[in-house]
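Down below is the structure, laid out as structure tokens.
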Amino acid sequence: MDEQARMMQSLSGISLAGLSAPGGMALPPPHGHEGTDGDGRKQDIGDILHQIMTITDQSLDEAQAKKHGLNCHRMKPALFSVLCEIKEKTGLSIRGTQEEDPPDPQLMRLDNMLLAEGVSGPEKGGGSAAAAAAAAAASGGVADNSIEHSDYRAKLTQIRQIYHTELEKYEQACNEFTTHVMNLLREQSRTRPISPKEIERMVGIIHRKFSSIQMQLKQSTCEAVMILRSRFLDARRKRRNFSKQATEILNEYFYSHLSNPYPSEEAKEELAKKCSITVSQGVRTTITVSQVSNWFGNKRIRYKKNIGKFQEEANLYAAKTAVTAAHAVAAAVQNSQTNSPATPNSGFPMKDEEFQLDSAESKNTLLSNMFAGGYPTPCYQPDGRIQ
DNA sequence: TCAGATGATTGTAT
DNA sequence: ATACAATCATCTGA
């Protein structure tokens, strides 16, 4: 009804004002105070107004017939195309500029994560393999967690399934809604000016709305995966202490390189290999290079924080090292008549900074003196005692 | 059960 | 990339 009235008004505008009316809206021109067809126009407008006013008096059939008549009006396509053009040029076109917005970085992050975690990628391989590798790395390759791995994978599969069904649902709903809206707009385009571009734009809006819903789904899936990961793969949750032998090997290196306890990559590899050979409670534990790095990181910081506490240990390992080294140096010591001064040991600097000794208690022992700077390295006797 | 030890992670600086 | 520092989570022995 409303449309019908609009249509009539539009059509009257065409017939009266012409198609090229600037500003476009086919409004009736100012009342005739110019030229001789003023009266004719008045007559036309009067007719149309009359038609509008009496439209409700008409029977349904009559109205339908009139509607049909208007729909079939020969000028209708021309009018609609002009109106569409006008619409494009006005407000609606402003929204069009946003259309080519770049892909959302947040969405890209979520997608990448889901792919990396094996949720959105191919069913087998890539993702789950990566997860398994991560699990293995986090656990240090301990054999007893294969059950936990399968548990983890089962839970991940569950998440994956939920994610895919939900995603499918959203996609289906999106498609259905889009089709529905497109049909509706196509239907309406018979009675009001709707350009294909406008329909396209509407589809874009719908897709954007749905993709924001999808983003929420992805977000919560990511959260679920993170929780799962932290529960299963966080190595802190199931760490095992290193075997006594492994700790001994690491300590030996640490205290024998106290002036510079920063093993090179090769040294770390060597230590990792050595530690991995050791056996704890009948089970061979694998210690990785990164675990060696962690160990040294922890050791350095903890040693520096409380040298006094480590004094005993330091002495013990110093003596131990001395025993093994003694045999090698014994001959040289014997051959050397002069008491060759040992290289001054200033203690290990904490990365670009000279190590500062400020704990009073640590000054009481020979080893702590080593770190005070300027003191000679202790001279070890062949029996391991410090001279 | 609890305090201390210890391996791992995270945030920051270089 | 690496080291430090703080912190977490678990282990261990009393």
Side-chain angles (χ1 to χ4, degrees), chain A residues 109 112-113 116-117 130-149 151-152 155 222-223 225-317 346-359 361-362 371:
Chain A
R109 267 203 301 279
N112 286 342
M113 184 188 160
E117 293 296 333
S139 65
V142 180
D144 62 24
N145 51 22
S146 57
I147 298 157
E148 285 178 40
H149 284 186
D151 204 8
Y152 170 80
K155 289 240 159 39
C222 278
E223 276 165 22
V225 171
M226 290 317 284
I227 290 165
L228 187 70
R229 259 189 95 90
S230 74
R231 193 148 301 164
F232 281 85
L233 303 182
D234 187 347
R236 282 182 297 200
R237 289 183 183 274
K238 50 169 180 288
R239 71 173 187 81
R240 300 265 175 282
N241 286 353
F242 294 165
S243 70
K244 225 177 158 199
Q245 295 102 305
T247 314
E248 223 157 275
I249 290 165
L250 295 169
N251 271 320
E252 261 171 42
Y253 186 98
F254 180 79
Y255 287 109
S256 63
H257 295 77
L258 210 42
S259 58
N260 185 37
Y262 300 88
S264 65
E265 198 58 28
E266 293 78 34
K268 280 183 204 166
E269 277 169 25
E270 188 64 33
L271 284 166
K273 215 192 287 177
K274 260 172 135 180
C275 291
S276 298
I277 292 165
T278 67
V279 171
S280 169
Q281 292 160 1
V283 181
R284 210 191 105 177
T285 53
T286 312
I287 292 177
T288 63
V289 173
S290 77
Q291 281 179 298
V292 172
S293 298
N294 285 340
W295 190 92
F296 273 90
N298 283 324
K299 190 73 186 182
R300 280 193 299 265
I301 205 80
R302 283 165 187 166
Y303 181 85
K304 183 197 157 192
K305 264 188 180 171
N306 192 351
I307 294 174
K309 201 179 82 184
F310 288 92
Q311 218 67 87
E312 213 178 308
E313 191 180 72
N315 288 335
L316 185 78
Y317 280 100
S346 59
F348 69 90
M350 299 299 279
K351 205 196 176 192
D352 299 336
E353 146 215 353
E354 201 63 31
F355 188 83
Q356 293 300 314
L357 196 77
D358 49 10
S359 109
E361 54 183 332
S362 61
F371 302 108

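Just so you know, these numbers use all the heavy atoms, side chains as well, and skip hydrogens, waters and symmetry mates. Because the structure is predicted, anything quoted here is derived from the model rather than measured.
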Measuring centre to centre across the rings, with the benzene-like ring taken for any Trp, is A/Phe254 within less than 6.0 Å of A/Tyr303?
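When the ring centroids of A/Phe254 and A/Tyr303 are compared, they turn out to be within the sub-6.0 Å range.
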Could you check how far [atom1] of [X] sits from [atom2] of [N], rounded to whole Å?
X	N	atom1	atom2	value
A/Leu271	B/dG7	CG	P	14 Å
A/Asn294	C/dC4	CG	P	13 Å
A/Phe296	C/dA3	CZ	C1'	14 Å
A/Trp295	B/dT9	CH2	P	18 Å
A/Arg302	B/dG7	CZ	P	8 Å
A/Ile301	B/dA5	CD1	C1'	16 Å
A/Lys299	C/dC4	NZ	P	14 Å
A/Arg240	B/dA8	CZ	C1'	14 Å

Are [X] and [N] close enough that a side-chain N or O sits under 4.0 Å from OP1 or OP2?
X	N	answer
A/Lys309	B/dA5	yes
A/Arg239	B/dT6	no
A/Lys305	C/dA6	yes
A/Tyr303	C/dA5	no
A/Arg300	C/dC4	yes

Quick one: does A/His257's side chain get under 4.5 Å of A/Tyr262's, heavy atoms only?
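No, too far: nothing below the 4.5 Å cut-off.
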Tell me if the side-chain of A/Asn241 makes a donor-acceptor pair with the base of B/dA5, cut-off 3.5 Å, by modelled atom types.
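In this structure, the two groups form no donor-acceptor pair.
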Would you please name every residue forming a side-chain contact (heavy atoms from CB on, under 4.5 Å) with A/Glu266, sequence neighbours left out?
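For A/Glu266 the side-chain contact (heavy atoms from CB on, under 4.5 Å) partners, ignoring immediate neighbours, are A/Ser264.
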Pairing of A/Glu252 and A/Lys274 as salt bridge, 4.0 angstrom limit:
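Between A/Lys274 and A/Glu252 there is no salt bridge, as every charged N stays at least 4.0 Å from the carboxylate O atoms.
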With distance as the sole criterion, is a donor-acceptor pair present between the side chains of A/Glu248 and A/Tyr317 under 3.5 Å?
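Per modelled atom types, A/Glu248 and A/Tyr317 side chains form no pair under 3.5 Å.
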If you only use heavy atoms from C-beta on, which nucleotide in B/dT9, C/dC4, C/dC11 is closest to the side chain of A/Asn298?
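When the side chain of A/Asn298 is considered, B/dT9 is the closest of B/dT9, C/dC4, C/dC11.
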Among C/dA9, C/dA5, B/dT9, the one nearest A/Lys304 by side-chain distance:
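From the listed options, C/dA5 comes nearest.
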